[in-house]
Peer 1: 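Below is the structure I would like to discuss, written out as structure tokens.
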There are 2 protein chains.
Amino acid sequence: MPRLHALAALLAAALVLPLAAAEPDATPAPRTTQQVLDASGPSDWRTPDPDRTLYMDLEAGRVVIELAPAFAPEHVANILVLAREGFWDGTSVYRSHDNFVVQFGDADADDPAKARPFGNAKTQLPAEFERSAQGLAFHTLPDRDGWAPEVGFADGFPAGREGADGQAWMAHCYGALGAGRNLEADSSIGAELYVVTGQSPRQLDRNITLVGRVIRGMDLLAAIPRGPEPMGIYEKPAQRTPIRAITLAATLPEAQRERIEVLRTDTATFDAFVESRRNRRDAFYKRPSGHVDLCNIAIPTRTPDEGED
Amino acid sequence: MPRLHALAALLAAALVLPLAAAEPDATPAPRTTQQVLDASGPSDWRTPDPDRTLYMDLEAGRVVIELAPAFAPEHVANILVLAREGFWDGTSVYRSHDNFVVQFGDADADDPAKARPFGNAKTQLPAEFERSAQGLAFHTLPDRDGWAPEVGFADGFPAGREGADGQAWMAHCYGALGAGRNLEADSSIGAELYVVTGQSPRQLDRNITLVGRVIRGMDLLAAIPRGPEPMGIYEKPAQRTPIRAITLAATLPEAQRERIEVLRTDTATFDAFVESRRNRRDAFYKRPSGHVDLCNIAIPTRTPDEGED
């Protein structure tokens with residue numbers, strides 16, 4: 001009997017299937033995700049702007065973050081000040097809450113004697129839970145969910161919208177980066193941040209300011225051991241995961257920046273990619289689902305000349 | 001400025017809010033999750049049957065699994081044979097695929113010279129991707145999703161259904177335990193298993209046999225470092241996470257069994273619990289979402305006399 005490297009067969013199959021023969025005058029044949037990506041062109045990919053890309057260096061490796069000024073301009077501006085001033089260098093991930101978030105920043109922020117100074121950063125910001133949908137290019141998904149009237153991608157980020165004249169907001173998908181706050185809506189300044197590591201907590205959408213998204217390195221954050229205290233907190237400093245530094249990519253010489261490209265979310269290739277996730281066409285699947293949730297769409301990244309991550 | 005233990009405020013607030021005063025003749029006041037659980041009675045909880053409960057012992061601790069014979073009777077019967085014969089004792093978690101699954105069993109299963117014998121277990125089983133909904137008590141959720149015509153809970157497991165006369169199936173939520181297979185639908189026997197550790201891969205529903213669910217210890221499985229090879233595989237034995245043993249609870253003396261209770265999913269208390277997840281009522285939330293996805297409902301567990309986990 002064949003032995004099982006089981007689910008493995010799923011992606012393995014996708015990798016070995018030959019490309020479907022071209023049928024220029026017919027409806028395009030359904031394609032697997034791998035086929036869609038193999039057929040993508042240079043214009044289907046974008047390079048994140050180094051002026052809004054952060055590198056978070058852990059002992060285990062580097063996490064790459066793309067900030068979202070289109071959604072949270074004031075928070076992102078403050079985060080850029082904090083990064084330039086080295087605010088997070090030597091801080092830690094002091095919370096890992098299973099199936100929810102990791103949280104990081106100054107673990108001593110509550111202690112006036114130890115708290116780090118904010119330097120030139122602002123200490124009061126407005127809540128940026130949502131923004132006007134006007135002026136925001138929104139690429140709507142074919143499928144809906146129960147969390148928002150409309151879902152799709154805007155500026156490369158998963159998002160919800162209530163019509164073109166209503167409000168729009170980033171969605172709490174895996175890898176979303178948010179600004180921790182107290183009970184007051186306007187109590188976040190971007191110094192204390194969390195990243196979603198579990199089932200998308202969409203109930204937080206429009207309740208907290210999201211500021212960006214991890215585009216590489218989620219494998220490092222998601223594997224941080226869960227904290228022993230309630231909500232995954234680590235009270236003992238030695239248990240926390242040290243953050244060597246959080247650095248703005250633009251402050252490094254170009255040769256030292258990460259080489260990374262992200263699939264654009266506003267192209268025909270992206271539509272084909274989404275369709276390949278809605279209906280899995282590789283041999284493993286017996287019943288394509290005909291649906292995909294917003295947060296089940298992991299936006300592909302790649303290293304130029306090396307292929308997808 | 002108040003400092004931030006941020007998202008923390010969410011649950012902290014839930015814990016300190018006083019119970020709403022009883023209003024016997026009015027519509028019940030909306031309650032927080034903590035209030036619902038505090039008001040639950042003994043009959044709202046159940047003790048999993050030791051004849052279908054497995055303990056998976058890792059160096060980091062114990063994972064407790066509840067099997068689902070109502071959905072996969074042949075696979076569960078085979079798994080019980082394998083557990084009684086110690087099939088998994090000394091095997092490993094040899095795959096940890098970020099935002100997807102961990103997979104475990106006999107890493108040498110593909111090598112005839114090293115593969116473990118199956119003993120009295122069957123080596124061929126039918127696919128059990130779904131079953132008739134008839135005869136299966138199904139507690140439907142108020143909300144829908146795009147993956148299934150109907151979602152809810154059956155026999156304590158998250159599930160989908162296509163009407164009372166159609167098919168029903170378990171859903172790939174966080175913690176779901178499935179039987180790895182090859183490309184052939186009937187190529188699983190339950191010896192090689194996976195657990196969902198990422199955003200619910202509901203596209204696998206009705207495409208693979210789910211056999212149960214982790215009810216305690218997901219924090220241990222989800223934090224296993226991601227494997228370096230494609231699909232999170234660990235090729236080097238030393239990198240794998242050893243499994244000391246997988247033991248059927250019923251084979252241990254009662255005093256050595258885990259004390260654990262699970263919230264029933266077919267009660268008025270459960271309905272109130274779901275409502276408390278649909279509309280978060282603690283002070284942190286400014287805009288309750290009025291919706292919850294099936295896989296965002298984590299069924300509470302508790303240790304008798306010690307409270308919720």
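Proteins come first, then strands; the chains are lettered A, B, ... in the order of their sequence lines, and each starts at number 1. Since the model is a prediction, treat every value here as computed from it, not as a measurement.
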Peer 1: For B:D145, is it the side chain, the backbone, both, or neither that has a heavy atom closer than 4.5 Å to a heavy atom of chain A?
Peer 2: neither
Peer 1: Side chain from CB out, backbone as N, CA, C, O: work out which of these in A:E130 comes under 4.5 Å of a heavy atom of chain B, or both, or neither.
Peer 2: side chain
Peer 1: If I measure from the heavy atoms of chain A, does B:V196 come under 4.5 Å with its side chain, its backbone, both, or neither?
Peer 2: neither
Peer 1: Heavy-atom distance under 4.5 Å to chain A: side chain of B:D219, backbone, both or neither?
Peer 2: both
Peer 1: Which bit of B:P230 comes within less than 4.5 Å of chain A, counting heavy atoms only: side chain, backbone, both or neither?
Peer 2: neither
Peer 1: What part of B:N279 is in contact with chain A, defined as an atom under 4.5 angstrom from a non-hydrogen atom: side chain, backbone, both or neither?
Peer 2: neither
Peer 1: To check you understand the geometry: which heavy-atom pair defines the closest contact between B:R226 and A:A222, and what is its length?
Peer 2: NH2-CB, 3.6 Å
Peer 1: Does B:R181 count as lying over the ring of A:F284, i.e. NZ or CZ under 6.0 Å from the six-ring centre, within 45 degrees of the axis?
Peer 2: yes
Peer 1: List the steps, then state whether side-chain contact (heavy atoms from CB on, under 4.5 Å) holds for B:D98 with A:M218.
Peer 2: CA-CA 8 Å; B:D98 189 53; A:M218 275 306 297; 3.8 Å; yes
Peer 1: Check whether A:P112 gets within reach of chain B through its side chain, its backbone, both or neither, counting any heavy atom under 4.5 Å.
Peer 2: neither
Peer 1: Got a second to check how far B:R202's CZ is from A:H291's NE2, nearest 0.5 Å?
Peer 2: 8.0 Å
Peer 1: Is the shortest heavy-atom distance from the side chain of B:R144 to the side chain of A:R144 under 4.5 Å?
Peer 2: no
Peer 1: Grab the two heavy atoms, one from A:N99 and one from B:Y174, that are nearest each other, plus how far apart they are.
Peer 2: ND2-CD2, 3.3 Å
Peer 1: Rounded to the nearest 0.5 Å, how far does CD of B:Q199 lie from CD of A:Q199?
Peer 2: 4.0 Å
Peer 1: Looking at A:N296 and B:S200, would you say the former's side chain and the latter's main chain have a donor-acceptor pair under 3.5 Å?
Peer 2: yes
Peer 1: Considering non-hydrogen atoms only, spot the tightest contact between B:P225 and A:A223 and give its length.
Peer 2: CA-CB, 4.0 Å
Peer 1: Could you pull out the closest heavy-atom pair between A:Y285 and B:L204, with the gap in Å?
Peer 2: OH-CD2, 3.3 Å
Peer 1: For A:K286, is there any backbone N or O sitting under 3.5 Å from a side-chain donor or acceptor partner on B:N207?
Peer 2: yes
Peer 1: I'd like to know which of B:D293, B:D143, B:I224 tops the heavy-atom pair count under 4.5 Å against chain A.
Peer 2: B:D293
Peer 1: Which residues satisfy the salt bridge (charged side-chain N to carboxylate O under 4.0 Å, His left out) test with A:R213, sequence neighbours excluded?
Peer 2: none
